[in-house]
Amino acid sequence: MSLYLGLDCSTQSLTAAIIEADPARPHEWRFGGETSLVFDRDLPEFETSRGVLPASDPRIAHAPPAMWKAALERMLRRLARRGVDLNSIAAISGAAQQHGSVYVEANGDFTRDSSPIWLDSSTTQECREIETAAGGPQRLAQVTGSRAFERFTAAQIRKFWKEDPDAYERTRTIHLVSSFMASLLIGRAAPLDPGDAAGMNLMELASSRWWQPALDATAPGLRDKLPGIVPSATVIGTLAPYWQTQYGFPPARVVAWTGDNPSSLIGSALVGEGQLAISLGTSDTIFGPMREPRVSATGEGHVFGAPTGEFMGITVFANGSLAREKVRDMFGLDWKQFSEMLRDRRPKGPRYPMLLPWFEPEITPHVTAPGIVRHDLDEGDAAGHVRAIVEAQMMATKLHSQWMGVAPTAIRATGGASANDDVLQVMADVFGAPVTRASEANTAALGAAIRALHGAAAAAGRPPEWNAIAKTDARQDRVFHPRPDMRAFYEQLLPEYAAFEARGLGTRMKR
Ligand code: XUL
């Protein structure tokens, strides 16, 4: 038996998942367990809150790259000390929060101590400049898969170049979190994969190559500072001698890292068009595989590369777990009480209480000035708020994923909050489709382990079929079916919610 290690460097934690497989029968792999380091708790010296550095401007969201580096060291040490049979580790891959950028000098020092991450929304000006210079938002979306978005790396790089041109000049390589972590593993600059590179507004989706008009629109000399782009299944090197001498790891193969969302696609067993997953994490995301890149005309979502070599569509909502936690804390509830309130409250009357979930700047729809917006909802109504926040999130998810053109017959739920049965029941009712929850909570880390296995087998000349290797343990699945009365109710409520959202946007600065 060989072991395959998948790492996920997310916003708040670093997780390692292990699967075991006989390399001759890769599709019969078994889950071997996972372990996590939580940045705020386990690396308190970096003083982050939910993995983010404190900032007085709510639009700024940075994290220290030295924290991700320290977490990787700590995780590999932990695996070595916990008696994992290191010599059996055949391959390693990983996933990371998307868009965040790491600026490194030729000697490995950082030219920027803090990395802008996906929660940053401070680059509206740079987005407009890039869109204009690259031929307009439609053109940029057609070629790169997305209009310019604040958190996408191009706008962040442009802002850095404008604010600190000397430090930009000194920067040898601009990595994404994924290629930065992979570089630490192989001991030299690692390339990107098309899944994560598509989150920069700089790559031509059709060819997986850097697109010169977008590079020119972003900052001078950028081409020379970017890593290469290789197919996701590429073995990019072996574990560097440091890890071998320090902890006794073998020279295991390292497969290119990707973004957490492309990785979750594999960890959620989504390889055929028409399947969708909803991940309830720091951000809520809805995503699914796409054979051909169909770009959102309204700018609601993005197309990224998928680890299978095809594409994926995704819409991201910044106010995910954070908004659910805000409502829980506003009324001093625990999760059990939150769930009970969600379960008990039945819709009644023509005036239905609603809430817009914009506690922090929102990505979809674009909201730069956050704040609570209520409709027929009393400030002191705890149960009303609990129901309204979850319903609003699910209705927004449905509304803003219609551009993908997929009417899902089944939805796979992942992410921390998918552990909550009552949240998944609302999801099934709003979407009018059965929702399946798999047993493995961290689909990005699992997807990375599966990608390590796939990449190693492909390098040995036996690439496994994706639909045979990307699987979950169906015996552990739990399915939530839509309730006919609630499904009908939400079908009626959806246009009302859409109108409420449009009114809310009028007062909350839409793009
Ligand atoms: C994707 C996005 C988030 C991060 C979260 O576009 O911004 O889902 O990847 O880690």
Side-chain angles (χ1 to χ4, degrees), residues 7-15 36 39 48 50-52 61-63 68 71 94-101 115-123 127 141 144-156 176-181 192-203 205 257-265 267-268 277-288 295-296 299-307 311-323 360-364 366 393 397 400-401 404 414-418 442-445 447-448:
L7 296 161
D8 173 33
C9 184
S10 76
T11 316
Q12 306 196 36
S13 54
L14 177 69
T15 299
S36 288
F39 300 140
T48 57
R50 299 169 195 275
V52 185
H62 284 207
W68 300 322
Q97 55 169 304
Q98 299 200 245
H99 316 295
S101 39
S115 291
I117 65 160
W118 67 275
L119 282 160
D120 192 284
S121 59
S122 66
T123 60
C127 285
T144 70
S146 306
R147 294 175 172 201
F149 277 79
E150 279 79 355
R151 69 193 192 287
F152 276 48
T153 325
Q156 296 293 343
L176 292 185
V177 184
S178 64
S179 59
F180 171 63
M181 297 294 275
L192 286 161
D193 92 312
D196 214 16
M200 302 176 81
N201 274 139
L202 295 173
M203 185 189 81
L205 261 184
W257 283 44
T258 189
D260 50 4
N261 296 294
S263 193
S264 281
L265 203 66
S268 312
I278 296 178
S279 168
L280 305 174
T282 306
S283 62
D284 285 353
T285 57
I286 179 163
F287 57 89
V295 171
S296 160
E300 284 165 296
H302 323 293
V303 182
F304 296 155
F311 301 92
M312 66 179 289
I314 178 166
T315 302
V316 179
F317 305 86
N319 286 275
S321 289
L322 196 123
E360 296 288 333
E362 181 49 70
I363 293 168
T364 317
H366 189 253
Q393 290 177 322
T397 305
H400 299 296
S401 56
M404 289 183 211
T414 71
S418 69
N442 191 321
T443 48

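Nothing fancy with the numbering, it's 1 onward along the sequence. As the structure lists them, so they are numbered: ligands from 1, and atoms in each ligand from 1.
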Between S101 and P116, is any pair of side-chain heavy atoms under 4.5 Å apart?
yes
Quick one: salt bridge (charged side-chain N to carboxylate O under 4.0 Å, His left out) partners of E300, sequence neighbours excluded?
none
Name the orientation class of the two ring planes belonging to H302 and F304 (parallel below 30°, tilted from 30 to 60°, perpendicular beyond 60°).
parallel
List of N/O pairs, ligand 1 versus protein, all under 3.5 Å?
from     : atom 1 : to   : atom 2 : distance (Å)
ligand 1 : 6 (O)  : H99  : NE2    : 2.6
ligand 1 : 6 (O)  : R151 : NH2    : 2.9
ligand 1 : 7 (O)  : H99  : NE2    : 3.3
ligand 1 : 7 (O)  : R151 : NE     : 2.8
ligand 1 : 8 (O)  : N261 : ND2    : 3.1
ligand 1 : 8 (O)  : S283 : OG     : 3.3
ligand 1 : 9 (O)  : Q98  : N      : 3.1
ligand 1 : 9 (O)  : D260 : OD1    : 2.7
ligand 1 : 9 (O)  : D260 : OD2    : 3.4
ligand 1 : 9 (O)  : N261 : ND2    : 3.2
ligand 1 : 10 (O) : D260 : OD2    : 2.4

Side chains of T15 and N442 only: does a donor on one sit below 3.5 Å from an acceptor on the other?
yes
Mind checking what makes side-chain contact (heavy atoms from CB on, under 4.5 Å) contact with A155, not counting sequence neighbours?
T123, E126, C127, I130
Could you tell me which residues satisfy side-chain hydrogen bond (donor to acceptor under 3.5 Å, both in side chains) with T282, sequence neighbours excluded, listed by chain and number?
Q12
